[in-house]
Amino acid sequence: MIQQICLAIVLALFVMRAPSAIRQGKTRATWFATGAGLLSLFTLGFVIPAGTLDAALGGTNLLTLLRDVCGTISFWFFRDALGEYSGASYRLRSPLFLLGLLGTSTILFLAIPNRGTTSENFIAAHISDTATWLYATIYILGIAALAIDACWMVRRRLKSVLIVFVLGSAIAVLGCLAEARYLALAHFGVGGAGYAYAHENDSTFPFYLGTILIVCGIGGVALSSRISGLQLGWRLTCRRLQRIETRCKLELGIHAEDRIGGPYDRPQDRAYATLVNLRNWEVLHPDVIRLGDHKVISRASAAFSSIQAIAAR
Amino acid sequence: MNIADAAVEAAGIQPGMSWSQLHQAVATAFGHPITIAPTAERIPPTITGLTLYKKDHAQILFKRTDDALYSGHSILHEFGHILLDSFACSAQAGAISNDLSNGVIRVRTRELDLDSMDPLARVTEDAAERIAFLLARAVYGRQFTPEEMFFG
């Protein structure tokens, strides 16, 4: 269930952030991260059965490799975005690390003997093979290394959404460690097959909970950014100012000359132009603005006060 | 593209600029320093801001009694005149007090009494006002937080 929730959130986030990723280069790293994560989650077979997907890749469980490669890439881009955002120097930055990780995983995966036909529990079924154990362990510890690196580089800059990212990464790391433990138990037969089987799904909840937290952190920023972009407060202010403007126009008649440069897409720009227009009329016709309207005008004007930065008053 | 848009583009004005960056960009386009200060001198009531071009710099004056938005807009309008680098003046040095006109080569103003202007000065005035609105969009444009830039 938690995997389906994760898929739904990542899909929504990927679609919602597509326009800003196209427009603004800095948002692309996290968008790529959600894209790779989406692809990884897609291979779990909730939308199209995993068997069908794997059959399209030749029916030799390459779907497992694709899932893990996408997962690694996803965490790589997430870590990369965090590094860019925090301005921290980080050690595993070189793309060679990613290529080395993916290359090693791929070679080990291809070295697994008798991969057989499509299996939803491919790793568990082949865990006795050393290549399978090494492949799965390197993959999961690679993700853990990226998540730990992400936490480490922002450890002194913990604020706002970074706290959510660090918490999510830390929980995901716990999931990774639980998975690595299960892989070792199962491969080396510690405690018997039953004991290992009992721990097979230990990683699922923490890993996906951590991932969901990270994704929700990104989603929260993306959503609040879009809500503030609507400028709801400015829309209201604009409407009030335009009511004053309309009344003044009626009073001034042909003397109400507009000097508004437009058109304006943003309510704040429209409000600015209306305020300038009203002040122009006030200079030319001192009594045109009523006493009650001054309050609305002053309050709106106060938002445009950064001029003091350059003018010595 | 009209002359106002072209002048703004040529000066490299970008959305999200701070006032200081804008000031610097206009001064660079002008090629001389630009000082900005309020004035209590007698200037006609319909003039809300003016630029005094001197030998090696320009001085923008705005009315001390105007609020930040309106004086800011007057300054942006004067930036518009500077960017346009036009020779059509809406007011001559005689329209201002003697104290201000000392050493002044040329004057630009933000004049609200458009009916008194000759057609050429009116065109210049309108272009400078259009630039003022364009510059206002640049300095008052939406500022994205670092979080929005990376995760928004």
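Note on naming: letters A, B, ... go to the chains in the order of the sequence lines (proteins, then strands), and numbering restarts at 1 for each one.
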Proximal component of A:Arg279, with respect to chain B [non-hydrogen, under 4.5 Å]: both
Considering only heavy atoms, which portion of A:Phe165 lies under 4.5 Å from any heavy atom of chain B: side chain, backbone, both, or neither?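 A:Phe165 touches chain B through side-chain heavy atoms alone.
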Sort by residue number and list every member of residues 145-152 of chain B having a non-hydrogen atom under 4.5 Å from chain A. B:Pro146, B:Glu147, B:Glu148, B:Met149, B:Phe150, B:Phe151, B:Gly152
At a heavy-atom separation under 4.5 Å, does B:Leu76 approach chain A through its side chain, its backbone, both, or neither? side chain
Determine which residues belonging to residues 207-221 of chain A lie within contact range of chain B, meaning some heavy atom pair is under 4.5 Å apart, and list them by number or answer 'none'.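 Near chain B, by residue number: A:Ile218, A:Val221.
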Counting only non-hydrogen atoms closer than 4.5 Å, can you tell me which residues of residues 28-35 of chain A sit against chain B? A:Thr30
Could you tell me whether [X] and [Y] have a side-chain N and a carboxylate O separated by less than 4.0 Å?
| X | Y | result |
| --- | --- | --- |
| A:Arg240 | A:Asp293 | no |
| A:Arg266 | A:Asp269 | yes |
| B:Glu129 | B:Arg110 | yes |
| A:Arg290 | A:Glu251 | yes |

Does the ring center of A:Tyr272 lie less than 6.0 Å from the ring center of B:His73?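 Ring centroids of A:Tyr272 and B:His73 are less than 6.0 Å from each other.
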Kindly state whether the ring of A:Trp234 and the ring of A:Phe304 have centres lying under 6.0 angstrom apart.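 Close enough - the centres of the two rings lie under 6.0 Å apart.
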Any residue meeting side-chain hydrogen bond (donor to acceptor under 3.5 Å, both in side chains) with A:His294, in chain and number order, not counting sequence neighbours: A:Glu282
Minimum heavy-atom distance A:Glu245-A:Leu278, with the two atoms named: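 Taking A:Glu245 first and A:Leu278 second, the nearest heavy atoms are CA-CD2, 3.8 Å.
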